[in-house]
**Q** 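Would you mind keeping the following structure in view while I ask a few things?
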Amino acid sequence: MTILLGCIADDFTGGTDLAGMLVKHGMRTVQMIGVPTGPVPDDIDAIVIALKSRTNPVEEAQAESLAALEWLQAQGCRQFYFKYCSTFDSTPRGNIGPVAEALMAALGSDFTIACPAFPANQRTIYKGHLFVGDALLSDSGMRNHPLTPMTDANLVRVLQRQVAGKVGLVEFGTVAAGAGAIRERFAALRKDGCNFAIVDALTNDDLLALGEACADMPLVTAGSGVALGLPPNFRRAGLLPDYANEEAGAATLPATGGLRAVVAGSCSVATQAQVAAMNSQHPAFNVDPRALARGEDVVGAALDWAKPKLAAGPVLVYATSTPEEVRAVQAELGVEAAGVLVENALAAIAQGLVAAGVGQLIVAGGETSGAVVKALGVSGLRIGPEIDPGVPWTVALTADRSGDRSARPIALALKSGNFGTTDFFLKAWERLQ
Ligand code: ADP
């Protein structure tokens, strides 16, 4: 088996975003949490290794990315993709530029693109300037980001500050003229001594043309948008099946039976509404952070409560609370302590639910998902059909399931706080077979 596309994502949810994009466009994809240490499925077309390298020290980010690349190279991947945020989240020191240069050096490649455009999510690039909706990046909320404030929308300038090589631009007029014109411009930039091309893109058609122009590029660096233009290359080369319905063809998950549960640790606005909607139709158990702080066996109580109810349909266990209540708890227990206390409890509850026969589990909250995935020993996710934008059903891969009595596939939907419609917890099950 040869994996066609090997991807390195600089954070977890960004990895899921890219993996979902690839599945939607007909590539069977798994997302691994960190560099895999065990076997991976052999019936896949693309693999995304999710790192946490967006904001750690440059040298560390480079080393982790190179380790991921080495692993991907050993799988025989034909092309490599470095995925970062569609708002180009980085500081003057990196990590986008330095990681890209380290990967290029390892691949012996002297030219790549840098294109965070994602028109479907209102990220467009015009004359090298990144727009978020109607605003320049530097006028968007990103200018106040706590870790990676983006105060310059000119990506040529932003990337040039991060790299030793030279950065050029492929302007909109060239992109609109199609893949041939883009390739010619690449050649001219290279002749000019450029190592990077920021590429303008306003529409999905631009991304398709750009993808076609990148067919022979060893390394592509981009947001998840450009990924929609790559599967057609593999299809044209006869390497990827031509499904009538691309998503259905690539998003097939192994059947997962089992009972259903939702564990919610997000307090985001969307999750609050989703919890209220589920609460009105299904049994729900509230995890009280104060009881946890008093040392009460809340995990045991939640599991004793849930077990007899599971057979009758999905149950909800939630810590989700109003902003006022969260602030009050945080004032009493400390922000971080409260967070960790609740995350650990929800992770232990998720573990207990799976042991009790839950095979289809929705988790709400980014940090909460991280804790649950760790507790369940998940090493990767096979990406399935999308429930709502950015949230697919997945099936958990575990590093070693041998000797595990519950060695049955577990379907997981990991929902970041503000994603999904109000009826998300009610409708999501329909997307599973
Ligand atoms: P989101 O994706 O919405 O940001 P996260 O799971 O990443 O959700 O973050 C929510 C954080 O709030 C977690 O650390 C969780 O443990 C914590 N939390 C959840 N419920 C409460 C609560 N009732 N009081 C205090 N903290 C809470």
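We use all heavy atoms of the structure for the numbers below, so side chains are in, but hydrogens, waters and symmetry mates are not. None of the values given here were measured: they were computed from a predicted structure. Whatever order the structure lists ligands and atoms in, that order sets their numbers, starting from 1.
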**Q** Side chain of R123, backbone of L130: donor and acceptor closer than 3.5 Å?
**A** no

**Q** Should you measure from each heavy atom of S321, which atoms of ligand 1 turn up under 4.0 Å away?
**A** 23 (N)

**Q** Restricting to salt bridge (charged side-chain N to carboxylate O under 4.0 Å, His left out), what partner residues turn up for D200, sequence neighbours left out?
**A** none

**Q** Could you name the option among E343, E325, R290 that has the heavy atom nearest to atom 13 (C) of ligand 1?
**A** E343

**Q** Looking at P289, which atoms of ligand 1 are within less than 4.0 Å of one of its heavy atoms?
**A** 22 (C), 23 (N), 24 (N)

**Q** Evaluating non-hydrogen atoms only, which member of A270, A364, A264, C267 is closest to atom 21 (C) of ligand 1?
**A** C267

**Q** Checking a contact table here: which protein heavy atom is nearest atom 26 (N) of ligand 1, and how many Å away?
**A** V326 CG1, 4.2 Å

**Q** Would you say the ring centers of Y84 and F82 fall short of 6.0 Å from each other?
**A** yes

**Q** Using distance alone, with no hydrogens and no angle criterion, decide if T203 and D205 have a side-chain donor and acceptor under 3.5 Å apart.
**A** no

**Q** Is the shortest heavy-atom distance from the side chain of Y318 to the side chain of Q274 under 4.5 Å?
**A** no

**Q** Looking only at atom types and distance, does a side-chain atom of Q360 sit under 3.5 Å from a main-chain N or O of W429, one as donor and one as acceptor?
**A** no

**Q** Which residue and atom name correspond to the protein heavy atom nearest atom 23 (N) of ligand 1, and how close is it?
**A** A319 O, 2.9 Å

**Q** Report the nearest protein non-hydrogen atom to atom 16 (O) of ligand 1: residue, atom name, distance rounded to 0.1 Å.
**A** G339 O, 2.9 Å

**Q** Hey, is S266 touching ligand 1 through its side chain, its backbone, both or neither, going by heavy atoms under 4.0 Å?
**A** both

**Q** Supply the atom-to-atom distance H282 NE2 to L426 CG, rounded to the nearest 0.5 angstrom.
**A** 5.5 Å

**Q** Under 4.0 Å from a heavy atom of G417: give me the atoms of ligand 1 that qualify, with their elements.
**A** 1 (P), 2 (O), 3 (O)

**Q** Quick one: salt bridge (Lys or Arg N to Asp or Glu O under 4.0 Å) pairs with a partner in residues 130-157, sequence neighbours left out?
**A** D152-R157, D152-R161

**Q** Are the charged groups of E325 and R290 less than 4.0 angstrom apart, N to O?
**A** yes

**Q** At what distance is the nearest protein heavy atom to atom 4 (O) of ligand 1, and which residue and atom is it?
**A** S268 OG, 4.3 Å

**Q** May I ask you to identify the nearest protein heavy atom to atom 8 (O) of ligand 1, giving residue, atom name and distance to one decimal place in Å?
**A** G365 CA, 3.3 Å

**Q** Of all the non-hydrogen atoms in the protein, which one sits nearest to atom 12 (O) of ligand 1, and at what distance?
**A** G265 O, 3.8 Å

**Q** Just wondering, do K415 and S268 contact through their side chains at under 4.5 Å, heavy atoms?
**A** no

**Q** Tell me which protein heavy atom sits closest to atom 7 (O) of ligand 1, plus the residue, atom name and distance to 0.1 Å.
**A** E367 N, 2.7 Å

**Q** Could you tell me the residue and atom name of the protein heavy atom closest to atom 6 (O) of ligand 1, and the distance to it rounded to 0.1 Å?
**A** T368 OG1, 2.6 Å

**Q** Give yes if a backbone or side-chain nitrogen or oxygen of G366 is under 3.5 Å from a nitrogen or oxygen of ligand 1, and no if not.
**A** yes

